[in-house]
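Contents: one structure, followed by commentary.
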2 protein chains.
Amino acid sequence: MENSCELCIYRSYLFDNLDKKEFALLTLSKKELEFRKGSIICREGEKIKSFLYLKQGLLKIYKNVDNRREQIIGITKPKDFIGLLSAFNETTHLYSISALEDSSVCVIDIEAIKNLVIKDGSFALNLLGKMSKINDQILGTRLNINLKNLRGRIAYILLMFREIYKSEIYDIPVSRKEIAELIEMRTENVIRILSELRKDKIIRIEGKSIEILDLHRLEQIAEFG
Amino acid sequence: MENSCELCIYRSYLFDNLDKKEFALLTLSKKELEFRKGSIICREGEKIKSFLYLKQGLLKIYKNVDNRREQIIGITKPKDFIGLLSAFNETTHLYSISALEDSSVCVIDIEAIKNLVIKDGSFALNLLGKMSKINDQILGTRLNINLKNLRGRIAYILLMFREIYKSEIYDIPVSRKEIAELIEMRTENVIRILSELRKDKIIRIEGKSIEILDLHRLEQIAEFG
DNA sequence: TCGCAGATATGATATATATCAGAAATGTTA
DNA sequence: TAACATTTCTGATATATATCATATCTGCGA
């Protein structure tokens with residue numbers, strides 16, 4: 001089967017130890033969907049029917065706080081599971097998810113995953129670990145960001161995208177407004193501080209294009225503000 | 001066996017569906033420890049050897065940010081599992097835990113729990129749900145607190161303890177400094193705002209003793225600042 | 001019981017960040 | 001292409017919160 005999860009090169013190590021029969025079940029229970037940049041994958045409050053896995057692209061997880069503003073909880077990178085796995089707790093999505101870049105998402109029937117958990121103990125244990133990790137990461141990031149001043153937060157975000165794109169030069173996939181929503185500050189201040197960093201020759205910016213010129217100093221700022 | 005988990009009235013529903021053999025294993029693998037107010041249950045960085053369950057009392061989960069300051073991540077209520085269950089991800093504790101009140105903690109060998117996960121699929125599924133819930137709660141609380149102004153945060157905390165003690169009158173189990181560390185503000189401002197709320201006749205305070213006089217207004221403040 | 005460290009308390013001031021205002025650049029739709 | 005909305009940008013100002021200083025109170029060990 002050309003669409004087999006067993007042969008998928010984007011597969012998470014979570015699925016590494018499944019047997020033939022389990023892979024067959026997984027392959028049957030999944031669909032692969034493409035989402036264009038900007039499109040919405042799911043909305044807060046909607047029923048959870050599937051377990052989502054990001055193959056390629058970049059997503060944002062967010063919550064609407066009022067009509068004009070969103071609170072971005074986190075960014076999902078390829079090979080991550082999506083939705084904080086509240087799948088096993090709540091019956092409705094706690095957060096909305098949308099695509100920051102054209103993305104390819106594996107949509108696996110939630111019942112199939114629950115089945116795997118029940119039948120395959122080591123899969124369950126792996127899943128617990130993976131879930132722990134994602135949650136710890138998101139919480140850790142939030143706590144971290146709140147300890148920093150605005151300069152530190154901007155530096156942190158620039159470094160985060162460096163990690164994602166594995167490069168000092170990249171097109172930032174979010175607007176200044178979205179950066180603000182991600183690190184709890186105001187759009188004007190995001191812009192202002194980016195300009196300051198430019199003037200200080202720490203970064204080069206041209207619209208969405210970012211180049212980190214002085215990595216060391218940026219890391220200092222991320223750490224100490 | 002008098003110490004049996006099967007007969008424990010403080011037991012979490014997580015363990016409800018275990019069979020006789022599983023209960024026997026659980027009972028054998030657990031110790032029940034008492035911690036005096038102020039004593040430390042575990043320290044950030046220590047090896048995780050057990051799965052902790054709070055029977056009675058109140059704990060705080062925290063991180064040291066610098067020599068003088070702690071960042072309190074959350075408060076654990078009875079019948080909660082402790083340590084954000086990073087047990088399944090990290091091998092060392094991500095956070096420290098100490099007792100805010102005299103507390104009784106069940107310490108279960110982590111390998112016994114892993115064994116249950118592997119052998120008993122429905123236990124695994126339950127655990128995933130429980131874990132999801134705790135993580136969602138903690139993250140939700142953090143996000144929520146950051147949206148509020150200082151007045152709103154104080155109101156929120158006062159209402160949180162009302163929930164815990166199920167009463168409008170209670171002795172607050174944390175110092176003003178700890179309140180500050182829990183809701184990301186400064187000790188002086190905690191004290192100042194408590195005084196303001198007292199002057200406004202919304203609460204009565206006398207040292208650690210708190211009485212909520214105007215619940216409605218306090219709820220308004222918690223919501224809108 | 002004294003003396004001391006930490007907690008509580010309050011006022012004055014400093015500072016970081018938000019808010020407001022307006023302009024230029026960019027993208028989008030008719 | 002024009003018209004409009006949105007994003008980016010910069011400066012001025014307001015405001016919330018942190019910081020500093022100082023005093024009183026409280027609990028605790030010697």
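Each chain gets a letter, A, B and so on, in the order its sequence line appears, and its residues count up from 1.
Taking the six-membered ring where tryptophan is involved, the planes of B:Tyr53 and B:Phe81 are tilted, since the angle between them lies from 30° to 60°.
A donor and an acceptor atom sit less than 3.5 Å apart, one in the side chain of B:Arg192 and one in the base of C:dG11.
For the OP1/OP2 pair of D:dT10 and a distance below 4.0 Å, the side-chain nitrogens and oxygens of A:Ser195 include at least one atom meeting the criterion. Neither OP1 nor OP2 of C:dA16 sits under 4.0 Å from any side-chain N or O of A:Asn149. When the side-chain nitrogen and oxygen atoms of B:Lys177 are compared with OP1 and OP2 of C:dT8, none of them lie within a distance under 4.0 Å. Neither OP1 nor OP2 of D:dT17 sits under 4.0 Å from any side-chain N or O of B:Arg186.
Computed from coordinates, the B:Glu196 CD to C:dG11 P distance equals 11 Å when rounded to whole Å. For the pair A:Glu188 CD and D:dT15 C1', the interatomic distance rounds to 15 Å; values are reported in whole Å. Going from atom CG of B:Leu150 over to atom P of D:dT19 covers 12 Å, rounded to whole Å.
A salt bridge links B:Lys63 with B:Glu44: the distance from a Lys NZ or Arg NE/NH1/NH2 to an Asp or Glu carboxylate oxygen falls below 4.0 Å. Ion pairing between a basic and an acidic side chain is recognised when a charged N comes within 4.0 Å of a carboxylate O; A:Glu70 and A:Lys60 show such pairing.
No engagement by B:Lys199 is indicated, since no non-hydrogen atom pair under 4.0 Å with the nucleic acid exists. No engagement by B:Thr187 is indicated, since no non-hydrogen atom pair under 4.0 Å with the nucleic acid exists. A:Ile191 comes within 4.0 angstrom of a base, heavy atoms only.
Atom CZ of B:Arg43 has 12 or fewer heavy atoms from other residues, nucleotides or ligands within 6.0 Å.
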